[in-house]
Amino acid sequence: LFKEVIRSRWFGPLIVIFLILFVLPSFIPRFYTYILALIYVTALLAMSLNLVVGHGGMFQFHHGVFYGVGAYTVALMLKKTSLPMWTGFIAGPILAAIVGLIIGWFCVRLTRLYFGMLQISLGSLIWVIVFRWYNLTGGDDGIPGIPVPPILSSLNNSYYFILIIIVICLIIMYLILKSPFGNTLLAIRDNPQRCEAIGINVRRHQLIAIVIATFFAGIAGVLFVVLERSVFADLLFWTLSLEIFIMCLLGGWFTFIGPVLGAAIIVALRTFVGIFTEYWTLILGIVLILTIFFLPEGVMGFFQELFKPRHIETAEGGHR
Amino acid sequence: VDFSAFMSQFLVGLSRAMILFVVCAGLSFVLGVLRVPNIAHGSLYMIGAFATFTLSKLIGGSAGFWIALIVAPLLVALVSLIAERGLFCHLYQREHLMLLLFTFAISLILGDLVKIVWGAEYRSVSAPDFLKGTIPLFAASLPRYNLFLLIIGPLVAIALWLFTNKTKIGKISRAAAVDREMVGVLGINVSWVFAIAFVVGCYLAGVGGALVAPTASIIIGMDHSLIIEAFLIVTIGGLGNMWGAMVGSLIFGVSQSLGVLIWPQFAIVFPYLAVVIVLLLRPQGLLKAVW
C-alpha cells in the first residue's frame with residue numbers, strides 16, 4: 001500500500017521538506033514555531049474539509065463544528081475527568097466522527113445548496129448547545145488552561161507531536177484518495193446520476209467520506225487543544241467554517257496539497273497583518289475577492305495550469 | 001404558563017418574525033432572480049441599522065426616526081448598487097459556491113468598514129414617542145412598536161407582491177428568474193434587470209435593519225447572527241419564494257419566542273430544531289422553490 005506513496009514523484013522533495021520542518025524549531029524563535037504549528041493544525045482541518053468539498057463535491061458548509069467537537073471533547077476529558085490522558089486524544093476524533101455520521105446521515109439525503117443549509121442548521125444546533133451550556137462548556141468564555149500530558153508541555157514537543165500526526169494523517173488521506181474508494185468519490189463528484197446508474201451507492205459513499213473527513217477534523221481539534229490549551233465556542237461558529245472553505249479555495253480545491261498552502265497563506269497573513277492593523281477581515285475579504293477574480297483554481301491550481309503545457313508535450317513525445 | 005404570558009410571547013415572536021420577513025423577502029428575491037446566495041445581505045442589514053442610528057441622532061426627535069426609516073434603506077440600496085455594478089455583475093456566470101464565497105468576502109469587507117466608521121460600541125435608537133409604551137391586546141400587553149411591526153410586515157409583503165406581479169420590471173425579473181437566456185433573447189438588458197432586482201432585495205435588507213434598530217442593540221456582529229437565520233428561513237420556505245419567506249419567518253420567530261417559555265436557557269435551540277424538522281420532512285422547502 002505504501003508503495004503508492006514512495007513511488008510518487010513528490011516523495012523525495014517532501015522528505016526533504018519534512019526534515020527541514022523537523023529541525024526548524026531549533027533555529028527559529030518560539031513565536032515562529034508556534035505559528036508553524038498553528039499552520040499545521042489549520043492545514044489538517046482544511047485538508048479534511050477538502051476531502052468532501054474538493055474531492056467529494058459536497059457543500060460541507062459547517063465543517064468547523066466537527067473541529068470544535070473534537071477540541072471540546074478532549075478539553076472536557078482532560079479538564080473534568082481523571083481518565084488516562086491519552087483516552088481523550090482518541091475520544092476526540094471518534095466523537096467528531098460520530099457527530100459527523102449523525103449530521104451526514106441527514107445531509108446526504110439532500111443535494112447542493114440544501115445539503116449545505118441543512119448542515120448549517122444542524123451544526124448551528126450544536127454551536128448553540130456549546131454556546132449556552134455554561135455549566136459544561138463555559139459558554140462564550142470557553143475553557144482556558146487545559147492540562148495537557150507532561151510530555152507535551154513544552155512548545156517544541158507539541159510542535160513535533162503535531163508535525164508527526166499531521167504527516168501520518170496526510171499520508172492516510174493520500175492513500176484514501178488514491179484507493180478505489182477515492183476514485184469512486186471523484187466520479188460521484190463529477191456525475192452523481194451516472195454513478196447511481198452504474199450501481200454505486202452514492203449516498204453511502206458520500207456518508208463514508210463525511211465520516212472520514214470529520215474524523216480528521218476531530219484530530220485537528222485535538223491538536224488545536226495540544227497547541228492552545230484552551231477552547232472557545234467560536235470554533236463552532238459558521239464564520240470559521242467559511243474561513244476554512246476560503247483556505248481550500250485559495251490553495252486550490254482540485255489539488256491534493258492545495259488546502260495546506262491555503263491554510264499557510266491565511267494563517268500567516270492573519271498573524272502578520274494582525275500586527276499592523278486590527279482590520280484583518282477587511283484584508284481577508286480583499287484577498288478572497290482577488291482570488292475569485294484572478295485565481296479561480298487557487299494557487300496550486302494556477303501552478304498546475306502553468307506547468308501543464310510541458311506535460312502534454314512530453315506525453316506527445318512519448319507517443320511519437 | 002398562563003395565557004397572557006403565552007399571548008404576549010406569541011405576539012412578540014410574531015413581530016420579530018415580521019422583521020425577519022422583511023430581510024428574508026429581500027434575500028429570497030435576490031436568490032430567486034439572480035441565483036446568488038447573498039451573505040452580504042446581513043451586512044447590508046447591519047449598515048441599515050447603523051445608518052438609522054446616525055440619521056436619527058443627527059436629526060433628533062421623533063421625526064429623526066421616521067426620516068431615518070426612509071433614508072437609511074436608500075443608502076443601503078446605494079451601497080448595494082455600487083457593489084453590484086462594480087463587482088457582482090462580472091461573476092454571474094460562476095457556480096453558486098464561488099458566488100457564495102464572493103458575497104462572504106463582501107460581507108467581511110463591509111463588516112470591517114462598519115467597524116471603521118461606527119466603532120465597536122453598542123448603539124441604540126429610541127422609537128418615536130408615538131410608538132412608545134404598550135397597548136393591551138388579546139389579554140396581553142404589547143409594546144406599541146411591536147404592533148407597528150405587525151402592521152408593517154404585511155404591508156411590505158403586499159408591496160413586494162405588487163412589485164413582482166403588477167409592474168413591468170417585476171414581471172421581467174420573475175421571467176429572468178425562470179429563464180434568463182430567453183429574457184435576453186427578447187432584447188431585454190438582463191444585466192440591468194439583475195442590478196435592479198439586486199438593489200430592490202438589498203433595499204429590503206436596509207428596511208429590516210432600520211426596523212430592528214429600536215428593538216435591539218446595534219452592534220458589530222449582528223450581521224453574522226442574522227444572515228444564518230435568514231438563510232435557513234429562505235431554505236425552509238422554498239428558495240426564491242416570497243410567501244415561503246413569510247412562512248419561514250413565522251416558524252422561526254414564533255418558535256424562538258415560545259421556546260423562551262419552555263426552556264429559557266436554550267430558547268435559541270427551538271428555531272433551529274424547527275428548521276431541521278421542516279428540512280427532513282420537506283427537503284425542498286415548504287412552498288414551491290423558484291429553482
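Letters A, B, ... mirror the listed sequences (proteins, then strands); counts begin at 1. Remember, it's a predicted structure, so these values are computed and weren't measured experimentally.
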Side chains of B/M98 and A/L249: does their closest heavy-atom pair fall under 4.5 Å?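 Side-chain contact under 4.5 Å: yes.
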Below 4.5 Å, heavy atoms only, C-beta onward: do A/I120 and B/F231 meet side chain to side chain?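 Contact flag for A/I120/B/F231 side chains = no.
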So what's closer than 4.5 Å to chain A heavy atoms on [X]: side chain, backbone, both or neither?
X      : answer
B/I227 : side chain
B/I39  : side chain
B/I236 : neither
B/I109 : both

Under the side chain to side chain contact (heavy atoms under 4.5 Å, CB included) rule, what do A/F106 and B/V276 come out as? Steps first, then yes or no, please. CA-CA 9 Å; A/F106 290 116; B/V276 170; 5.9 Å; no
Would you find more than 12 non-hydrogen atoms of other residues, nucleotides or ligands less than 6.0 Å from A/F276 atom CZ?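 No, the 6.0 Å shell around CZ holds no more than 12 heavy atoms from other groups.
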Heavy-atom distances under 4.5 Å only: say whether [X] touches chain B with side chain, backbone, both or neither.
X      : answer
A/W133 : both
A/F237 : side chain
A/R109 : neither
A/Y279 : both

Got a second to check how far A/T291's OG1 is from B/F102's CZ, nearest 0.5 Å?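 Here the rounded value is 11.0 Å.
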Could you measure the distance from the OG1 atom of B/T103 to the CD1 atom of A/I289? Nearest 0.5 Å is fine.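 The OG1 atom of B/T103 sits 10.0 Å away from the CD1 atom of A/I289.
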Heavy atoms only: give me the nearest [X]-[Y] pair and the separation to one decimal.
X      : Y      : result
B/F104 : A/I246 : CE2-CD1, 3.5 Å
A/G285 : B/A105 : O-CB, 3.5 Å
B/Y272 : A/S124 : CE2-CB, 3.3 Å
B/L101 : A/I292 : C-CD1, 4.0 Å

Stepwise, does the side chain to side chain contact (heavy atoms under 4.5 Å, CB included) test hold for B/D112 with A/E278? CA-CA 9 Å; B/D112 256 5; A/E278 59 175 310; over 6 Å; no
Begin from the C-alpha positions of B/L108 and A/I283 and carry the test side chain to side chain contact (heavy atoms under 4.5 Å, CB included) through to its verdict. CA-CA 9 Å; B/L108 291 176; A/I283 308 292; over 6 Å; no
Count the heavy-atom pairs under 4.5 Å between each of B/L87, B/L113, B/I116 and chain A, then report the option with the highest count.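 Ranked by contacts with chain A, first place is B/I116.
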Quick one: of B/V269, B/I228, B/V275, who has the most non-hydrogen atom pairs under 4.5 Å with chain A?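 If we count pairs closer than 4.5 Å to chain A, B/I228 comes out on top.
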Is it true that a side-chain atom of A/W238 and a backbone atom of B/S225 form a donor plus acceptor pair closer than 3.5 Å?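 Checking the backbone N and O of B/S225 against the side chain of A/W238, no donor-acceptor pair under 3.5 Å is found.
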With chain B as the partner, which of A/F245, A/F131, A/F61 has the greatest number of non-hydrogen pairs under 4.5 Å?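 Of A/F245, A/F131, A/F61, A/F245 has the most heavy-atom pairs under 4.5 Å with chain B.
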